[in-house]
Structure formats: structure tokens, C-alpha cells
Undergrad: 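Please find one structure pasted underneath; my questions will follow.
The sequence lines fix the lettering, A, B, ..., with proteins before strands; numbering per chain opens at 1.
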Amino acid sequence: MSASMAGTRGSEFAMQNGPDPALPLLEVRGISKSFGAVRALQEVDFTLRAGEIHALLGENGAGKSTLIKVVTGVFPRDAGIVRIGGEEIAPRSAKAAVAAGIATVYQEVNLLPNLSVAQNLFLDRQPMRFGIVREGEMRRRAKALLAEFGLDIDVAAPLGHYSVAIQHVTAIARAVDLSARVLILDEPTASLDRHEVEILFGIMRQLAKRGIGIVFVSHFLDQVYEISDRITVLRNGRLVGEREKASLPRIELIRMMLGRELAETTNARAATSEYEAREVCASFENYGKAGYVVPFDLELRHGEVVGLAGLLGSGRTETARLVFGAERADGGKASVEGASVRLQSPRDGVRHGFGYCPEERKTDGIVAELTVRENIVLALQAKRGLHRPLRRREQDEIARRYVKMLDIRPPDPERPVGLLSGGNQQKVLLARWLATSPRLLVLDEPTRGIDVGAHAEIIRLIRELCDDGLSLLVISSELDEIVTYSDRVVVLRDRAHVEELAGEAVDVGNILAAIAADGAGVAHEERA
Amino acid sequence: MTALLPRRGLAQILALIVILAVDRVVSPQFFDLRLQDGRLFGSLIDVLNRGTPVALLSLGMVLVIATRGIDLSVGAVMAIAGAIAASLADTHSLAVVLAAALGAGLICGLWNGFLVAVLGMQPIVATLILMVAGRGIAQLITEGRIVTFSSPDLVWLGNGAILGVPVPVAIALGMLILTGAVVRGSALGLLIEATGGNARASELAGVGTRAMILSVYVWCGVCAALAGVIAAADIMGADANNAGLWLELDAILAVVIGGTSLFGGRFSLVLAVLGALIIQTMNTGILLSGYPPEFNLLVKAVVVLTVLLLQSPKLTGFAGIAARLRRTKA
Amino acid sequence: MRGLPPALITAIVLVAGFAACAVQFPNIASTRVVGNLLTDNAFLGIVAAGMTFVIISGGIDLSVGSVIGFTTVFVALAIERWGMPPLAAFVAALALSAAFGAAMGAVIHVFDLPPFIVTLAGMFLARGASFLLSTESIPITAPIYSTVSDFALRLPGGGRLTAIAIIMLVIVIGGALLLRLTRFGANVYALGGSRVTASLMGVAVGTMTVKIYMLSSLLAGIAGIVFSFYTSAGYSLSAVGVELDTIAAVVIGGTLLTGGQGSVIGTFLGVLIQGLIQTYINFDGTLSSWWTKIATGILLFAFIALQQGLVALARRPLTKRAGAAS
Amino acid sequence: AELTIGFSQIGSESGWRAAETSVSKQEASKRKVNLKIADAQQKQENQIKAIRSFIAQNVDAIFLAPVVSTGWDSVLKEAREAKIPVVLLDRDIDPSGKELYLTAVTSDSVHEGEVAGDWLAKTVGAKACNIVELQGTVGASVATNRKKGFDTAIAKHANLKVVRSQTGDFTRAKGKEVMESFIKAEGGGKNICAVYAHNDDMMVGAIQAMKEAGLKPGKDILTVSIDAVPDIFKAMVAGEANATVELTPNMAGPALDAVAAFKSKGTVPPKWIQTESKLYTAADDPQKIYDSKKGLGY
Ligand SMILES: Nc1ncnc2c1ncn2[C@@H]1O[C@H](COP(=O)(O)OP(=O)(O)OP(=O)(O)O)[C@@H](O)[C@H]1O
Ligand SMILES: Nc1ncnc2c1ncn2[C@@H]1O[C@H](COP(=O)(O)OP(=O)(O)OP(=O)(O)O)[C@@H](O)[C@H]1O
Ligand SMILES: [Mg+2]
Ligand SMILES: [Mg+2]
């Protein structure tokens, strides 16, 4: 009762005196939402003030994205109220939410790959004259808008031609440009590299200064501490608490999120001498494809983790796809356990005991409408062939084992995987390949969108697998992370392997130096 | 297993019961059964017997649709198989006749599968090619005539009975069990559903998606050929001009009524066959009702829409409609 | 895709096909045949333009053939039996067909049903309704009919650009502009990209769905009127199976059945390719009924395969370029 | 010089149509005429296209078997402008176009229905008789006319009544299916005294349905149908069919003669060359007729 009174008064006040940073801009009270038996949100409260950057945190599946979708009317809510500037709103579609002053970058949306970048930015609000879209004007504005984000691309080209990172920046630019009162960003930085994150943060700060309230969801705690003013934590669909950032130590935050302490990860990198003695699992000589990746040499040993580092578009994913067999090489030699092999298709890769978790989980990874169990056994079944079907009991067994081992939530193997939160989908993918007992596992951004708890677990798992003799090739944009688990790091630039660091040389500084070394640097060396 | 024992077949079973009840109203003797020349005789048997070709088509079609495809050529393949069977029936043994007709269906399926899986054509146009040309091929075989035959073996296939059950019905049942056993007894079902659900992801998981796609079109061709042989055996002649004409639409309708999405993924064989029965129960009811034929299509349209609305995810009872109306108005 | 637009590829295929036909039958390369091509395929071009919108938006409309049939019967009855002035009859017919399309769109959206099946039911419904109106074919004798069907711009070389061909060209151009230049057009592409995403981006998906099917049915209604000009009659069995010809034309024109890509101009070229195939077969004139079907199938295959090959070729240099750039 | 004639044929939807096509070819080659046949696959728009392309090729005459009676005015006007005579085969077109064609070689399908009805009335006599009717494709003019003719013929006899009428789409399979349901709906067939089918193909299917239901077609239930295709004579030989009305497949012969006379001597033929609608019954030596018709391409 009193809250609603305060809200009404607040809005009058705001009307007269402009935004007051102390008053709630967006107020969410007692929101509940169930999907069948799953209670995704229970009586959640959330308050956003004008001009603040407010982090919304929680484990995978805690209900962050659901809260956002309920607030913006994408999902109908079961109970609760939402007020903006003191006025109650009940948007029934994303369009209505925008009209009410809330602009959102959803976690999975991505925009429309078949439309041009400019159309994506201005869809449904194109500049018009006489009922006709002013294409030139729209492009000009699109270019100007993206320039703010440090992006200079052909805005007339279809969005799908660009990398995930560029697509994500476009989505953010669109939301920012809607000039709403509230901006909600659900994991906007998951696929951005440092440079782009900095640009985004700069823009967020500017917007906040203008009195816009920003909700920021992320699993990168460093970023959370860097940018946010206050933090709200959800766990299992319930509100755990809301704190000022300054008064919340990291340990405490993690305890709020997980409901327990985080086990310390140990950096168990093997000594150089030790891993050099190990047997080679797979090796590639002068392996490459014209217009795709410059031919490279790569040796992957049993029981070691090789990290691939580089900027966006440097050719890491391409290397991974060649190694796995998802792309055909047009030259060079591949061998497994010393025997020369042909890798023409993913099936070849699977046959030779390879596994590959692609970075684009939704389009290349999960089969959304199949269950968790079916997704987990898929690769194993494909490997065994048609005539040796896994019995239902075996499937249940396998699914249960990995759901438990990777702590997939909710722990229901019969749930369509598309209904899981992003992080849990990632774990299902990992389980799919672990179930095949591979000798080589290629992981492209395995921790993207994964919460701190699971993040630590996955890194622990990577080390464990490695100790079991598995060979791992891991791509990650998190250099700290790469350094934590890699025995060796290959650095890429412009679709070529430019540097290989091993043993003690594996550290963030060296990697950055290798990434940054450009033509000038090379020239300098040559002169020396 | 979910696909063999329908968990979500309630709407379909209800629809079937309702239509059966309506049939009983328009035709009081609808449920009468008697034995005639060692063969069960009655409207219910007509429903099963006449429903057989579409049921067989839907068995193949449901797998094709599960991979996100569609096969418009099944009617033409029926005509080809029927034409071949009829031309050979009086000079060759039943085994040879069947082998030739089903072999033709297999080749047709391979062709469709090749266009879709290897050349990457869109299924609707890829199979449109055979839909057009296939009927021509069938007419080429019969030279536009109705080729009649008298081979008792083949006639038995269309009009005989096993323990009172018409042979076509027994064959359809056998094919349902066979397809179910092959698809669910091996990993095929899972891999087909994965391919239809997300072909790129499945390919990357090591599934031979091309082989999957190829094989479902082949099976669809074989099922269509079998339906064609039965249709020819039924009228003791091959009518290349009309056999299977427009039946592809009925087969697709049956699959969709059976709850399989045209966007691929999850499928159910039993429900697809049930869908075929729903369509035929309606058709037989229309014929029994004695309404002038100008009404046939209208009745069909209304029934189809009603059955679909019953299954609509957005609609659970009348409350659903009211809620939706309120929402769309707002 | 970025190298050569699909419509251009279709144009190349059309020109190559036309040249090949003209080599065998020199008569084909005349304004008369080209004029015929436009006149004879006028109704197909009009429905196909509408179908392009539907298919780009990720749907399909199987009811168009029946709507054409219904419209011809309705218009004929209205003018000949009910004594309506022709223009009033046209307006009524178009209102009916637009309402019919809107209803299908609403059912598709509200009940979340597949367009294929909803419009299949629509196909039964419209055809059934035209049977109810009249099973006989009704000649239309209104003077406007002879005026319109006699009107033609004479082209040099004996060809005729008829009124219905002109109507079709206007609609094709209008449709192309609507798709390319307006917000409505952009939303059509957006729906084809992903309905869910489009909705998250603020597109009113429901309204759009209704409008798109309404447009398709409205154009089918216009095609029906054009068809009635073409034949000066209304007949419940007219335009049976036209939906498949239309879909084939749209797809040959480079539109993806999965939605999100395509163009009205491409569709128009696709219609001409189909017309060319038929003209070729008619000129040949030695084919029996079955060889006609087989030849149609083979030519369809040849055109689509040629197109597929050109698309593949158009893509290849792109990867090369990307390689050279890096 | 040799004549070139374009023939816009409907399609090949039935055995009768195939026979018409092959007989036309035989008749043309007998007269050394170059016959170009364009098959319209049952579509009027295809026929119009075909006629236009015949005009573009400047043929000497055009034969048209119209799929529907209306809608030929403008294209036939073009033919007239190009001074190409048009002959209608098998079916007539709408009266408003009379001056647009040279002559029509057709049977009268209303009359066919009447012949069938008259035969039935005569055969049944004064007995009450419930008739079931297998119609052709809904909307097809032949179906409408054959129904009309039959209805007129039996309207004169109060004891004859059509109790059920459904479409069998002119096909055997549908004829059989529809007859099956007629039998179920009419007390196992006991209430049916006669079947009238708009073509023989449907009747052949219906005969099978009757046999499977334990009825004796031709005895328990009288049959009368139209077309006179060979298979119905086979059924007559077996005593399973009673009567059929012939629709001759040779329409092209008289048409070719008319065109030849017109081209060489300018003789204008009569507007309508009607073919005979001859009734055949079991008394007409069906075996012999069967043998003579077998080779005609039915
Ligand atoms: N459409 C849906 N249908 C059914 N269940 C759903 C649906 N969307 C989400 N859920 C469930 O709701 C819960 C909350 O999911 P949500 O996506 O909000 O998590 P999250 O906090 O955003 O996680 P992440 O950090 O992984 O993105 C999960 O258990 C998820 O499985
Ligand atoms: N210029 C470009 N034109 C079209 N597509 C591009 C271009 N650059 C990159 N891409 C696509 O964008 C995606 C990401 O690029 P790439 O795989 O090269 O980056 P990466 O090094 O793997 O970095 P990340 O994994 O962070 O995206 C790839 O699918 C690639 O094909
Ligand atoms: Mg989330
Ligand atoms: Mg990558």
C-alpha cells in the first residue's frame, strides 16, 4: 500500500522537478511467473532509480531473463505489478513496453539476420517521407549511430554477414537509440571483447548521466564492479537482496548468488617438460583453407589444454572448425594418434573421437525441441550408428549422470532443452560430447553466458578431463580464463597463427603483446 | 516411444470419436458389421479400406515432414507404381510385380532425396518436379488408357481378406508396425527428429543429415508405391490419370492433424495414421449423408478447421477463445 | 547472395531460355509472343505478386486458386443475375476476398496454426463456396467486358499489350515498390526472418499477418476479375491448381520458401519463365499429354538447377574476395 | 500444300479422352494433315495460351475441344482476325460465340442423358424404381448436362426416382467408393433398383462395389452409363452391365473433312455436325463391339 502511495507521489514530484535520482524510475513488486510446474519467479521485487546502473545477477536459470521478459510484456505475468515513473503499466508486447519507455536488448534476440544493418536499427521506426522509407537518410543515421560505438561497417549489408559481436553491438545501439527512460541489457557483453566493452561502458555512463536508468545483466563480476551502482541478486526465482555495490564485497556477492562458498580453482598447469613427454593425440601440418584460415601447424597432446586467443574475427572459430572437420581443408595433412586421416565432415571428426562445442549455441548447438536427454545422447548415438540404438534405460542413465555431474538445472532430463536458461544449455552441449568419451574436445567459448559457480566448475572440469588424458582445444575471449587452464596458447591474428606460448610464457601480458603486435611491430623487429 | 504410444493424441482421438458420432447420426447403420464372402462388410470397414492409401502415404510423409521437408509427388508416384503393377500383373508373378512397383517408388524417392539432400533444392519445388513429370511417366506407361488386369494374386491384394480383415487394411497395419519398429527400434527416429529440429546442429553432432533426408524420401516413395499398387488392385486397373490425384494434400493434412509440425522435429506415426482415418471418416460420412456434392468441400473445410482449432496450443476450451479474443482486441 | 541478386540470376536464366527457344522456333522472338506471354500470364503474375509477400513473411497461401475461381463466379452472378453494375460487383468481390484473407491471417495468428493447413482449409472453403453459387459456367455479356478485352496497345511487329497485361504490370511494379520502399515491406521481411524476434523488436506481428494474407487474397481477387476479363465468364472450376504454379513461380524467382528473402520482380520473371516453358511446348506441338507433363517437369528441373548453379557460382567469387582481403 | 492444324485438346483425364486423341491422330495421318496437339491439362487458361500460340505460328486451322463452354470470345476473335478457321470438337461453346467458329462437331450431352433415362424408363416399366446417380466432376458441363438430360427423361415417369446422387469425379476409384456408401445407405443395396453413371469408368467401379457387397449388377441392380468404352462391353459380356450410350471418339474425322472442303472449295459446313448418341445394350453383341474398340487407345 505504502509503496504504491510513494510511487504516485514520486511521479508527481518527478513531473514537476525533473528526474530525482533517489526516486524509483522502474518499480517491480511481487512478480511471479510459472512455466507449468517450474516456478521461474516468485514474488520478486526490483527497483531501478533514474540515472543508475543497476546490475541484476544470479546463477544460470535464476530467472533474470524471465524477469526482464515479464516486465517488458513478452511473457504474461501470473502476479505482481510494474510501475514506471510511478504509473502502473501492463505492456502486452515488446512494442507496448517501448511505448512505455523501456528499451531492451534481450539475451537471445539477436536481430534479424536477413535484414540490412540499417533496417535492423530502424525497424518499425524508419525515417519516412510520403509513406516511403528514406533509405539514404536511414543509412546515414545508422552509420552515425554505429560510429558512436566505434563501428564503421557497410550498413546496407545484411546483418547476418557480420560476426556475433557486431550483431550484438547493433542490438545495443538500437536499444540505446530508442531513447527510452529505462534501458535493459541482458548479457550484452557476453560476446564482446575488451575494446568493445569499454566503448559500451562509456555510452552507458553517458546515458546514466542523462537520467536514464539502466539494468545490466552479466556473469562477468569484474564488469559488474566496474560499471554498476547497485546490485540485485536472484536465486531460484526468488529475490535474495539488493545492495549498494560499494558495500558488497565480492565473496559476499558470490555467496548471495550461489547460496554457498565458491571452491577455489587451482591452477594446475603442467610443467613444460612434463607435457612435452606426452603422446601426440592429433596433429595438423600446413593445414588450412584458402580464404578461411592461413595454413597452420598444430599439435595436440593427450592430457593438455591448448588455448586459442585472438581478437574477434581473428580466425579462432575457423581453426576450430577445420580441426574438427566441420570445414574441409584444401591443403595439408591431419593425423590422429600418428595415423594420417581425412577430415571431410563432422562425422569424420566424431569417428576419430573428436568433439566440438560450437560458439553459437542456438543455431549450431542445441536441438531446441528435443529433450535434455535426447540432446545429450545425440552425438553418442550418431557415433554408434543407426543399428545400435541406445536403449531407453541407457539413455536415462547417461542423461541422469551428466545432469548430476554438470549440475544442469532444472534436473529434469525430459525437459525440452530450448526451455533451459542459456548457461544450462551450454552445459547440455558439454554433456553431449563428454558422453562420447572423446580423445579431443574443441570448445568454442565454453563459458560464454555461464555463471560464476558453473564457470568455476567448467574450468575444474576442463582440468579434470585433461588429467584423464583428454586433449582439449579451447577458445575464449577471457584471457584470464585461458591463462588459468591452458598448457599452451596459440595466438591468432588476421586468420593466421602468429605465436605459440608454452609453459611459463603463458600469461596475459604475453598474449596481449602477441595480439597487439601489428605490421609496425614486425617491421621494427626486422630492422633490429 | 512417445511416437508409438500417443501421449498427446487426445485431441485427435476426441475428434475421431465426434466425427464417428456424427456419422452415426447421418447414417443409422454406420456401425453395422456383417461377414460377406469371408470379408467383414460395413461402413466402418469402408472407412478403414478407403483410408488405406492416405494412411500409407502419411506414414512416409510424416517422416519427410519431420525432417522439415514435404513431398508433393506421392500422388504421382502412386500412379507410376499402379501403372507398372497393372502392366505386369497378367504376365508376371506377384513377387515380380511388387518388386517392380516398389522399386519404382524407391527410385522416385531417391530422385526427390537427391534433389533435396544433395542439390539442396527446396523440398516443395524439388518434389513439384516429380509431381508434374511423374504423372506423365505413369501415363506414358499406360499410354493414357486404364490398364486392366485379372491376375487373381494382385486382385486379392486389393479385395481379399485375412481373417475377415480386408488385405489393404492388414497391409497398412503391417506397414505401420514395420515403420514404427524400424524408426523407433533403431536410432533413426531420434536422428530424424534431430535433423528436422536443427539440421546444422545435428550435422555438427555427427549425424549424417543428408543420409537421413535421403532415406526418408526413399521410404516415402516406397510407401507411396505400395499405396499405388493397392489402389490399382482395388479397381483391378491402373488409372494413371486419376490415381492418387490430389492425395498428397490429404496426406499432408493427415500428418498435420496428427500433430506433427510442418517445421519438422517431433513426429508421431500413429497419430499421422489416425489423422488419415479422421479424414476418411469425414469423407465417408459425407458420402453417406446424402447431401448434394456441392457441399462436400465446405463440410471438409469446416471439419478440418475445427479439428485444427481443437489442437491449437492457444486454445484449451472455450475459456481459451474468450481470453484470446480479449487479448487481440486490446 | 551478396554477389548477384537472385532476381538477376532469374533474369539471366529467362534470357538464356528465351534465346534457346527462339533459336529453335524463330517465331517465338516476336512481340506477338511476348505480348501473349504477358496477357496469358496476367492473372498468374498478379497472384504471384501477392504470394511473394506471403512467402517472404514465412507463410504460404494455398487458397489463391480457389479465391480466383470464387471471384469469377461471384462477379459473373452479380453482373448477370443480380443486376449489379460491374464496378460495384468488382468492389464487392474484392471486399469479400480481402475479408477472407484477413480471416485466414487472423486464424493463423490467433490460434498459432500452420499457414499451409489454414490456407488449405481456405482453399476447400472458397472452392466449395463457388460450387454453391453456381456449378455452371456463366458467360458475362456486360459491355465493359468486351471493351476491356478488346483494348490493346499495338506493339510494333503485330504484338498486343492488352488491358489485363497492363493491369498486371502496374500491380507488379506497385507490389515491388510496396515491398522495397515502405515500412510494411520491411516488416514483411522481418516476419520472415523470425516472427519471435520481429515481435521482440516491436513489429505488430498479428496485424502484419492479417494484412499480409489480406493482401494476398485481395490480389487473388483482382486476379479473379482479370481472369473473368480473360475468359468473359465465371466458372467455379477455373484456376484449379494455380496455387502450385504460383508457388513455383515465386520460388523460381529466387524467393526462399523459408521466408526472409525474395523480390516481386524476381517472381514476375519466374512467371515469365513458366510461361516460356508452356509456349515452347505449345510451339513444339508434337507432345502427347504425358510427354507434355514430363517435358514440363524436365524444363522446370533444368531452370531450377541452372538457377541453383548460378547461385553457387555467384557465391564462389565472394569467398575468394574475402580471402584476398585478409 | 499439306495442311497444318493445331488441336487444343483438354487433357487426358479419361480413357475416352485418350481414345479421342489417338483417333484424331489416326484420322489426320490418314488425310496427310499435320496435326499439332497441345494438351491443356484440364485448364482453360492453357487452352487459350495454346490457341494464341497456334495463331502466332499461323496454322491453317484450329481444332478446339473446349474444357468449358464460356470464355472463348476474345481469343476466337483473335483467330478470326488472323483468318484462321476454328472447329469445335466434342463440346459446344456459349451461344454468343456462334459466328466465331466454322463448325462444331459434337454430341449433345443433354441428349445422351435423355437416351439413358428413356432406356431405363422403358426397361423398368411401371415398377417403382429407386435410382442412384454417380455424377461427374462437380461443375463440369458434361456432368451438368448429362444430369439434366436424365432428369428430364425420368421426370415423365412418376415411378422413377433418383434417391441418391453424389460425385464420382468420373473415375473408377471414386465410383467404387461412392457406390459402396450408396449400398450401405440404402439397406445393403436392397432399396436400389438402378444405377445411372455419367460415365462408364465410374460404372465399372460401381459394378465392383456391387459384386463385393454380394449383389448381382445387371440383375439385382440395373446399370446404365455413358461413353461406350471397351471395358463396359466386357462387363456386358459377363452380364454385369445393361446399357451404355455411345460418345464417339471420332470427332476429328468429320472436322478434318469440313476444313479440307472449306480450304479447297470454300464450302461452308453446317454450324453443327452432331454425332450420334447410340444406345448399346447386351443385345448388341457386346463381345464384337469390345473387340472393335479395343485398339482405339481407350
Ligand atoms: N519459455 C519457457 N518455458 C518454460 N520454462 C522456461 C522458459 N523460459 C525460461 N524457463 C525456465 O525459467 C527459469 C529461469 O530462466 P531464465 O532464462 O530467466 O534464467 P537466467 O537467470 O536468465 O539464466 P542465464 O544466466 O543462464 O541466462 C529456468 O529454469 C528456465 O528453464
Ligand atoms: N568480413 C566478414 N564477412 C562476413 N562474415 C564474417 C566476416 N568476419 C567474420 N565473419 C563471420 O563472423 C563469425 C565470427 O568470426 P570469426 O570466427 O572469424 O571470429 P573468431 O576469431 O572466432 O572470434 P569470435 O569467436 O569471438 O567470434 C564467423 O562465423 C565468421 O564467418
Ligand atoms: Mg538469461
Ligand atoms: Mg569465434
Undergrad: Given that the side chain runs from C-beta out, which part of D:S74 has a heavy atom under 4.5 Å from chain C: side chain, backbone, both or neither?
TA: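 For D:S74, side-chain heavy atoms alone lie under 4.5 Å from chain C.
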Undergrad: Which distance, rounded to the nearest 0.5 Å, do you find between the OG of C:S216 and the CZ of C:F100?
TA: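 C:S216 OG to C:F100 CZ: 10.0 Å, rounded to 0.5 Å.
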Undergrad: With only heavy atoms counted, which part of C:Y235 is less than 4.5 Å from chain D, the side chain, the backbone, both or neither?
TA: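 Contact with chain D involves the side chain of C:Y235 alone.
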Undergrad: Evaluate the ring planes of C:F74 and C:W82, with Trp represented by its six-membered ring, and classify them as parallel (under 30°), tilted (30 to 60°) or perpendicular (over 60°).
TA: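 Ring orientation, 0 to 90° scale: perpendicular.
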Undergrad: Where on D:E81 is there a heavy atom nearer than 4.5 Å to chain C: the side chain, the backbone, both, or neither?
TA: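 Just its side chain gets close to chain C.
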Undergrad: Can D:D200 and D:R172 be counted as an ion pair, charged N to O under 4.0 angstrom?
TA: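 Result for this pair is no, no salt bridge flagged.
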Undergrad: With sequence neighbours excluded, give me every salt bridge (Lys or Arg N to Asp or Glu O under 4.0 Å) pair touching residues 150-172 of chain C.
TA: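 Passing the test, one end in residues 150-172 of chain C: C:D150-D:K77, C:R160-D:E78.
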Undergrad: Quick check for you: among C:L237, C:T162, C:I281, C:I140, which has the greatest number of heavy-atom pairs under 4.5 Å with chain D?
TA: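 Top count of heavy-atom pairs under 4.5 Å with chain D: C:L237.
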Undergrad: So which part of D:Q41 gets closer than 4.5 Å to some heavy atom of chain C, the side chain, the backbone, both or neither?
TA: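 The side chain, not the backbone.
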Undergrad: Can I get a per-line list of side-chain donor-acceptor pairs under 3.5 Å for residues 136-145 of chain D, giving both atom names and the distance, sequence neighbours left out?
TA:
| residue | atom | partner | partner atom | Å |
| --- | --- | --- | --- | --- |
| D:T144 | OG1 | D:A140 | O | 2.9 |
| D:N145 | ND2 | D:S109 | OG | 3.2 |
| D:N145 | ND2 | D:S141 | O | 3.4 |

Undergrad: Verify the ring-centre separation between C:F229 and C:F90: is it less than 6.0 angstrom?
TA: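 Yes, the ring of C:F90 comes within the 6.0 Å limit of the ring of C:F229, centre to centre.
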Undergrad: Need one label for C:S238: side chain, backbone, both or neither, based on atoms under 4.5 Å from any heavy atom in chain D.
TA: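 When you check distances to chain D, no heavy atom of C:S238 falls under 4.5 Å.
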Undergrad: Can you tell whether the side chains of D:D227 and D:R146 come within less than 4.0 Å, N to carboxylate O?
TA: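 Salt bridge between D:D227 and D:R146, a charged N being under 4.0 Å from a carboxylate O: yes.
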Undergrad: Tell me, for C:F227 versus chain D, whether the close heavy atoms (under 4.5 Å) come from the side chain, the backbone, both or neither.
TA: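 The side chain, not the backbone.
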Undergrad: For residues C:E243 and C:D61, report the shortest heavy-atom separation together with the two atoms involved.
TA: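 Nearest pair, atom of C:E243 first, then C:D61: CB-O, 4.4 Å.
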Undergrad: Is chain C contacted by the side chain of D:Q57, its backbone, both, or neither, given a heavy-atom distance below 4.5 Å?
TA: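 Looking at D:Q57, backbone and side chain both touch chain C.
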Undergrad: Looking at C:T292, C:T279, C:T296, C:I28, which makes the most heavy-atom pairs under 4.5 Å with chain D?
TA: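 The residue among C:T292, C:T279, C:T296, C:I28 with the greatest pair count is C:T292.
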Undergrad: How about C:R81: does its CZ atom have over 12 heavy atoms from other parts shown lying under 6.0 Å from it?
TA: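 For C:R81, atom CZ is not crowded (no more than 12 foreign heavy atoms under 6.0 Å).
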Undergrad: Check whether D:K49 gets within reach of chain C through its side chain, its backbone, both or neither, counting any heavy atom under 4.5 Å.
TA: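 Both parts, heavy atoms under 4.5 Å.
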Undergrad: Is it the backbone or the side chain of C:F131 that comes under 4.5 Å from a heavy atom of chain D, or both, or neither?
TA: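 The side chain, not the backbone.
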Undergrad: Does the side chain of D:Q166 come under 3.5 Å of the side chain of D:E133 through a donor N or O and an acceptor N or O?
TA: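 The criterion, which ignores hydrogens and geometry beyond distance, is not satisfied for D:E133 and D:Q166.
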Undergrad: Could you name the residues of residues 33-43 of chain C that have a heavy atom within less than 4.5 Å of a heavy atom in chain D?
TA: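 Listed by number, the contacting residues are C:V33, C:N36, C:T39, C:D40, C:N41, C:F43.
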Undergrad: Applying side chain to side chain donor-acceptor pair (under 3.5 Å), can you list everything that pairs with D:D201, at least two apart in sequence or on another chain?
TA: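 By the side chain to side chain donor-acceptor pair (under 3.5 Å) rule, D:D201 matches no residue at all.
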